[in-house]
Number of protein chains: 2
Amino acid sequence: MSWEMKSREIKQAAQSAAKASEAQRTRKPRARNAPPRANGHAAVPAATKNSDVVYRDLRNAIVSMKLVPGTPVVEKEITERYGISRTPVREAVLRLAEERLIDVVPKSGTFVARIPLSVLREAIVARRALEEVTVRAATEKASESQIMEMRAIIQRQRETAEAGSEAAFHQADDDFHAAIAAAGRLPGIWGMIQNIRIQVERYRRLTLPQPGRMATVVGEHGDVLDAIAARDADEAVRRMNSHLDKLKLDIAVFRDLWPDYFVHDGAFDADMLAD
Amino acid sequence: MSWEMKSREIKQAAQSAAKASEAQRTRKPRARNAPPRANGHAAVPAATKNSDVVYRDLRNAIVSMKLVPGTPVVEKEITERYGISRTPVREAVLRLAEERLIDVVPKSGTFVARIPLSVLREAIVARRALEEVTVRAATEKASESQIMEMRAIIQRQRETAEAGSEAAFHQADDDFHAAIAAAGRLPGIWGMIQNIRIQVERYRRLTLPQPGRMATVVGEHGDVLDAIAARDADEAVRRMNSHLDKLKLDIAVFRDLWPDYFVHDGAFDADMLAD
DNA sequence: CGGAAATAACTAGTATACAAGATATATTTG
DNA sequence: CAAATATATCTTGTATACTAGTTATTTCCG
């Protein structure tokens, strides 16, 4: 069940050596000042590159804790697994480094990053603030059809919870929060929340094996939606906050259970749990 | 005064062809499982790479509107300017593409991205939400010395405003908001705010030539700090919000003045200004 | 046998060469 | 002369080769 299972062989472009004979070039170069499209480049599906595949696989492996913090990430190894060159692999690694999921030590090695406790704490705070905005906007602006959509998502999540399908459950969880942002006409903020969530996701995976947690989540989502449907913004925000707060109960416990997975960087202090 | 002035010549590594003779290798490879450092890799200043230089210069040129939206960004051109190869240039371009400051059209060209109106609107909303968190935390936790520090920053900003030094003024502006986040023990959230700010910064530059604006900003900062010093969180948040709201008065006007600089993507609708 | 210096092998960073596709210019054709 | 076609030459994406720095191992010396 290692993450290598997910990596498909990427078709490697055959490198034929036939090079065009170099005819004399007497033509003057053109201007090429035209921007791509006036409307805003959403027509083409933006062909998925090899580096995107590597990025997605690596990212999934890291946030799902299949690659635990401290694991070396060797470019050459990935290169061979996918049958591609270092360039796209390196591209993916650099993207992950910018998201602080990977640490690159120059001329030495790259490793799956440890979870910084300070980032963890601030990410939870920031997410609360942004979810509050989306919930409030959704309460104000959600159409009836959007509320029905969200009820459908919750029902789907209930079904996946009963079936015990973890991946589908997480997907439905994502969809619910995204639907709230969409109902509030703030889809971009959902994107920001997702970026923040990455930082917390690995910690959340460590806390997963709580029995009955999935059913609890479904219930809390229902509570939030009820308040939105009743157009009670303050209550909706309160319920969303209490939903999100379930996460940070026992950071200290898990930090002590897996000390190697966390790093205690500067801005972390004792009031992390008191907040 | 073009942005090329800022690009310094980067020392190019001389490429001597002397390759070590390949002696027979009978040694078995080592393990190399050790993570970089147990404490968290903050010792080394992380030597600034060539790609970092290109990234910073390009980014500055874009957010300062020296490179206006739609301008082609040709890798080869940058390559020649800095005397380096395409690899680090490409690295910088890709980073900027992820920040949505650059649009890369595969096999065709890359261009300075237009400012998406929907992102603009949501970025302003998100920033308000996060600044509210930091202001509230600062009101609660700021030490006296930190408040004095912030007064000093405001005074410095007043001096730069009187001197008309725009760059120093912006720096002091940054420092003030950063100091608030630091006082609230939420430095990471300031980082998030900065990322969001990039999306708005270019629009802000278009609105700059408002006479007396700098003095107004200094005054508003002082008002916010007064409320923090008085430990009146609600008032501090109110003043910060009114400070930030100065930005979004007339988006429609500027969109009509420079239609080519903006792009009207999906999630934008008329209530953008009504909010 | 223990510790320090030498050395080999690995790492990321960079340079360069080529491939695949897109776009503007040149050419042909009605 | 206009429109369609052809072609040259851009562009980014990828592969490969090499450099410089780091780390583990070996070797040498006491």
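Convention: sequence-line order gives letters A, B, ...; per-chain numbering from 1.
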Evaluate the side-chain contact (heavy atoms from CB on, under 4.5 Å) criterion for residues A:Gln194 and A:Asp174: first the C-alpha distance (whole Å), next the side-chain angles of each, then the deciding distance (0.1 Å), finally the verdict.
CA-CA 9 Å; A:Gln194 276 182 308; A:Asp174 264 32; 3.7 Å; yes
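D:dA17 atom P lies 18 Å from atom CZ of B:Arg86, rounded to whole Å. Taking atom CD1 on A:Ile102 and atom P on C:dT11, their separation rounds to 15 Å, with Å as the unit. Spacing between atom CZ of A:Arg90 and atom C1' of D:dG13 amounts to 16 Å, rounded to whole angstrom units. For the pair B:Glu80 CD and D:dC10 P, the computed distance is 11 Å after rounding to whole Å. What separates CD of B:Glu77 from C1' of D:dC10 is a distance of 13 Å, to the nearest Å. Per the geometry, CG belonging to A:Asp103 stands 15 Å off C1' belonging to C:dT11, to the nearest Å. Atom P of nucleotide C:dC10 and atom CZ of A:Phe111 are separated by 15 Å, given to the nearest angstrom. The nearest whole Å value for the distance from the CD atom in B:Glu75 to the P atom in C:dT16 is 15 Å.
A:Ser51 comes within contact range of no nucleotide atom at all, as no heavy-atom separation falls under 4.0 Å. Among the protein residues, A:Val73 comes within range of the sugar-phosphate backbone only, with heavy atoms under 4.0 Å from sugar or phosphate atoms but none that close to a base.
Residues satisfying the side-chain contact (heavy atoms from CB on, under 4.5 Å) test with B:Gln171, not counting sequence neighbours, are B:Asp175. B:Ser165 is linked by a side-chain contact (heavy atoms from CB on, under 4.5 Å) to B:Ala168, counting only residues two or more places apart in sequence or in another chain.
Contact between the side-chain N/O atoms of B:Ser108 and the OP1/OP2 oxygens of C:dT23 is found at a separation under 4.0 Å. The phosphate of C:dA15 (OP1 or OP2) has no side-chain N or O of B:Thr87 nearer than 4.0 angstrom.
Taking only side-chain atoms of A:Pro88, from C-beta outward, the nucleotide of C:dA12, D:dA15, C:dA15 with the closest atom is D:dA15. Residue B:Lys107 has its side chain nearest to C:dA20 when only D:dT22, D:dT14, C:dA20 are considered. When distances run from any side-chain atom of B:Val74 to the nucleotides D:dT16, D:dT11, D:dT12, the shortest one goes to D:dT11.
Of the two residues near DNA chain D, A:Glu91 and B:Lys76, the one whose nearest nucleotide lies more 5' is B:Lys76.
Figure legend: cation-pi geometry between A:Arg95 and A:Tyr55, with NZ or CZ positioned under 6.0 Å from the six-membered ring centre and within 45° of its axis.
A donor-acceptor contact shorter than 3.5 Å is absent between the side chain of A:Arg100 and the backbone of A:Gln199.
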